[in-house]
Chemist: 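There's a structure below that I have some questions on.
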Amino acid sequence: MRALKEGLKFHANAIKSGLTPNIFTANQLIHLYSKLGFVGEACKLFDEMPERNVYTWNAIINAHIKSQNFTAAQFFFDSAPCKDSVTYNSLISGYANSEGHENMALNLFVQMQYESESVKVDEFTLTTLLNLVAKLRVLCYGRQLHSYMVKTNNDSSRFAVTSLIDMYSKSGCYEDAWSVFNGSGGQGVTDVVVKNAILAACCRKGELELAQEIFSTQLELNDNVSWNTMISGYVQNGCEDESIELFKCMADEGFNWDVHTFATVLNACSTLKSLKLGKEIHAWVLKEGMLASPFIASGIVDVYCKCGNMGYAESVHKTFGTRNSFSITSMIVGYSTRGSMLEARRLFDSLAEKNIVVWTAMFSGYVKSQQYEDVFHLFREFQNKERTVADALIVVSLLSACATQASIDLGKQIHAHTLRMRIKTDEKTVGALVDMYSKCGNISYAESTFQRARAKDLVVYNVMIAGYAHHGYEYEAIKLFQEMKQTGLQPDAVTFVAILSACRHCGLVEEGEMYFSSMTEDYAITPETDHYACMLDLYGRSNQLEKAVAFFDKMPIEPDTIILGTFMNACKMNRNLELARMAENKLLEVEGDNGARYVQLANVYASEGKWDEMRRVMKRMRRKAAKKLTGRSWVHVGNDVHVFKSGDRSHSEAEAIYFTLECLIQELCDVLAFDNLI
DNA sequence: GTAGGGTTAG
């Protein structure tokens, strides 16, 4: 490399001293310098050239684009005394391929159309723009470009065909991609890039058999990319084992594994959560010397995280990727899944510049670990430190924390934030909003959010139906269930839990039985614990203990604590101590260390005045040293939540709190006394 | 001199 650099310098000096005053050679040299990364040298030569033409200007603009210096590229573009299509195409392509400059590319394209005669939109411009609109997913622009290409006869070269197939496929229009492919000769094409583009399109659509057929015809055409596309296609469609087979086959057929191959196969390992395979691939990666690639390093870290081996993940991370945000995100998720939030936080703090994905991983981690206070603290930190707006995924985490903490005020603020910032409300956001309002006790807000939303999937309906059921609007729940079916959505197991609980709350035995049998007969859903518990509760609340007993005996699953607890409750409501005693041993056998169960049992006996039996149960509980979790309440003051239990004096302001409470009690007594006087 | 296909984290 050094020899080449010296050679280039010698050549440049020769030109400058007039030995070969050839503008063509100098332009070539600028290009060569830029290709080797010597932008400084390219600039120096450009400055010293006695004469320049449009090629010289294009070469220097490209040199700056290559080094990602867009300020300089734009400066030279603006200063160029002469421009041609290449000048425009180069800068448009530079902007189109860099993050955050996409709008500049579009503006330049508009500007290009008002330029002089020497600047014409050509196939280079159009294919670059097709790539851009595929990246930005603006299908309407893509279609306009396609029409323009047909009109100007720019739609039939292999470059045009590839870009069109790719644009349509990435925009979700598989049929259009396919018709472009067919129009260009279909399976008779001899260009490997066109072939690979349609292979990728088939894989994206899940048409694996067709992809395999295309892959196998004209085998001699296939290159590394064809193999990588197929391997990736299998992973995308959940066929990880087949992808591994093809990966091995690729080497047998004499094709070299590259960074793309390994990145894809590592992805398969992560999905399979196979530590054994992960280690094998890790060994191959080491053998091929590919760990320097950030794609591969973070891929290996991700595999170990998904397999739950944080020790291995940590050691690869330490050696290769301490600044790799992908690697750090995988580690945060890995630690969060195990509930190690301190470790997750350590990694989060190790990243100087945090992107939205890392933030989201941290938010979800706290939600997963039920550390809701930390969710809110993190949000304040996010707002203070970042300029970017919390996106839909962060909003979902925040709303989920609000729902569990019943923080309706904060929930409303977050809702307002999504509206103000025009955050795209997809099904997940709508579901989280409806759930938050419903769990915070405001069913009418939940309802209006639901009704206004355009994006509604099964989960959104489930949340709303469950909300109605919990708030005692059983008939609305049933009505919405019917409406949901009419829209063509298929109810799932969660829908039936919601609808059965609506039935049990208002004692609709016949309807409940009808839904329960419809669930298995019409939708082939196997009932789970919650469904059985709902039915038992329904019978219990409707004073139909015989039916409850018959149902209990017929259940094909071993009764667990939830079912036994519900059954016990049914016995209590129907004042049947005999059956309660029967369930008692079984219940304590399954869940003998849960204090709440003993208390529930004791209550059954107490409600019938069987004090001896109640004492016996409580004694049994003490013998087992089982403790019932203390019920707690909380209040929101400002941005903080204060948790307390009955008679709690642990709060730092306890003195003042109890003093105020005394005052309030006194005032109430005074009011009551005053009322009595009147 | 400018353009096309296959790879990561929430």
Side-chain angles (χ1 to χ4, degrees), chain A residues 24 27-28 30-31 34-35 53-63 65 84-94 96-97 122-132 134 154 157-167 169-170 191-201 203-204 223-233 235-236 258-268 270 293-303 305-306 321 324-334 336 355-365 368 391-394 396-397:
Chain A
F24 173 79
N27 290 344
Q28 292 283 71
I30 295 182
H31 182 64
S34 134
K35 210 170 152 188
N53 61 13
V54 68
Y55 290 87
T56 325
W57 287 93
N58 290 347
I60 199 68
I61 291 168
N62 270 308
I65 290 168
D84 63 4
S85 301
V86 179
T87 327
Y88 270 91
N89 291 341
S90 302
L91 195 54
I92 290 176
S93 155
N97 293 316
D122 61 12
E123 207 186 65
F124 286 84
T125 330
L126 294 163
T127 46
T128 305
L129 283 164
L130 278 178
N131 270 341
L132 178 61
N154 270 317
S157 81
R158 57 188 212 279
F159 283 94
V161 168
T162 311
S163 304
L164 282 167
I165 292 174
D166 198 51
M167 182 276 293
S169 158
K170 285 180 180 159
D191 185 276
V192 66
V193 187
V194 173
K195 179 176 178 175
N196 293 341
I198 198 71
L199 274 181
C203 292
R204 267 181 216 116
D223 64 1
N224 259 29
V225 179
S226 323
W227 281 87
N228 290 342
T229 309
M230 282 310 296
I231 294 172
S232 164
V235 182
Q236 283 164 35
D258 60 15
V259 173
H260 291 269
T261 327
F262 279 112
T264 306
V265 176
L266 285 168
N267 192 3
S270 291
S293 155
F295 273 95
I296 303 300
S298 59
I300 292 180
V301 169
D302 189 55
V303 170
C305 290
K306 295 267 162 64
N324 184 324
S325 70
F326 288 86
S327 169
I328 290 179
T329 310
S330 296
M331 306 264 295
I332 290 174
V333 177
S336 304
N355 62 28
I356 198 108
V357 183
V358 183
W359 279 101
T360 314
M362 205 61 213
F363 277 111
S364 319
K368 239 184 287 175
D391 70 358
L393 281 167
I394 293 183
V396 168
S397 280

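Only heavy atoms go into these numbers, but all of them, side chains included; no hydrogens, no water, no symmetry mates. Nothing here was measured: the structure is a model prediction, and the numbers come from that model. Order of the sequence lines sets the chain letters (A, B, ...), proteins ahead of strands, with each chain counted from 1.
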Chemist: Base, sugar-phosphate, or nothing: which does Val301(A) touch, judged by heavy atoms less than 4.0 Å apart?
Modeler: nothing
Chemist: When you get a sec, tell me which of dG10(B), dT7(B), dT2(B) is the closest nucleotide to the side chain of Ser93(A)?
Modeler: dT2(B)
Chemist: Under a 3.5 Å threshold, yes or no: a donor from one side chain and an acceptor from the other, between Asn53(A) and Asn27(A)?
Modeler: yes
Chemist: Stacking between Phe159(A) and dA3(B), defined as ring centres under 5.5 angstrom apart with planes under 30°, is that present or not?
Modeler: yes
Chemist: Between the base of dA9(B) and the side chain of Thr329(A), is there a donor-acceptor distance below 3.5 Å?
Modeler: yes
Chemist: Given dG6(B), dT2(B), dG4(B), which nucleotide is nearest the side-chain atoms of Asn228(A)?
Modeler: dG6(B)
Chemist: Looking at every strand, decide which applies to Asp122(A) at a 4.0 Å heavy-atom threshold: base, sugar-phosphate, or nothing.
Modeler: nothing
Chemist: Ser298(A) side chain: which of dG6(B), dA3(B), dT8(B) is closest?
Modeler: dT8(B)
Chemist: Name the nucleic acid region contacted by Asn53(A), choosing base, sugar-phosphate or nothing; use a 4.0 angstrom heavy-atom cut-off, strictly under.
Modeler: nothing
Chemist: Once hydrogens and angles are ignored, does a donor-acceptor distance under 3.5 Å link the base of dG10(B) to the side chain of Thr360(A)?
Modeler: yes
Chemist: From the set dG10(B), dG6(B), dT7(B), return the single nucleotide nearest to any side-chain atom of Arg204(A).
Modeler: dG6(B)
Chemist: Donor-acceptor pair under 3.5 Å: do we get one between Asp391(A)'s side chain and the base of dG10(B)?
Modeler: yes
Chemist: So if I take every side-chain heavy atom of Val358(A) and compare against dA9(B), dG10(B), dT7(B), which nucleotide ends up nearest?
Modeler: dA9(B)
Chemist: Just the rounded figure in Å: distance from C1' of dT2(B) to CG of Asn154(A).
Modeler: 14 Å
Chemist: As a test of reading the structure: which of dA3(B), dT7(B), dG6(B) is closest to the side chain of Lys170(A), going by heavy atoms?
Modeler: dG6(B)
Chemist: Roughly how many Å is it from NZ in Lys195(A) to C1' in dG6(B), rounded to a whole number?
Modeler: 14 Å
Chemist: Without hydrogens or angle criteria, can the side chains of Asn267(A) and Thr264(A) be said to hold a donor-acceptor pair below 3.5 Å?
Modeler: no
Chemist: Distance only, no hydrogens: is a donor on one side chain within 3.5 Å (strictly under) of an acceptor on the other, for Thr87(A) and Asp84(A)?
Modeler: yes
Chemist: Could you tell me the separation between the CG atom of Asn355(A) and the P atom of dT8(B), rounded to a whole number of Å?
Modeler: 16 Å
Chemist: Does one side chain, of Glu123(A) or Thr127(A), offer a donor that lies under 3.5 Å from an acceptor on the other?
Modeler: no
Chemist: Does Asn224(A) get its side chain close enough to the base of dG6(B), under 3.5 Å, for a donor-acceptor pair?
Modeler: no
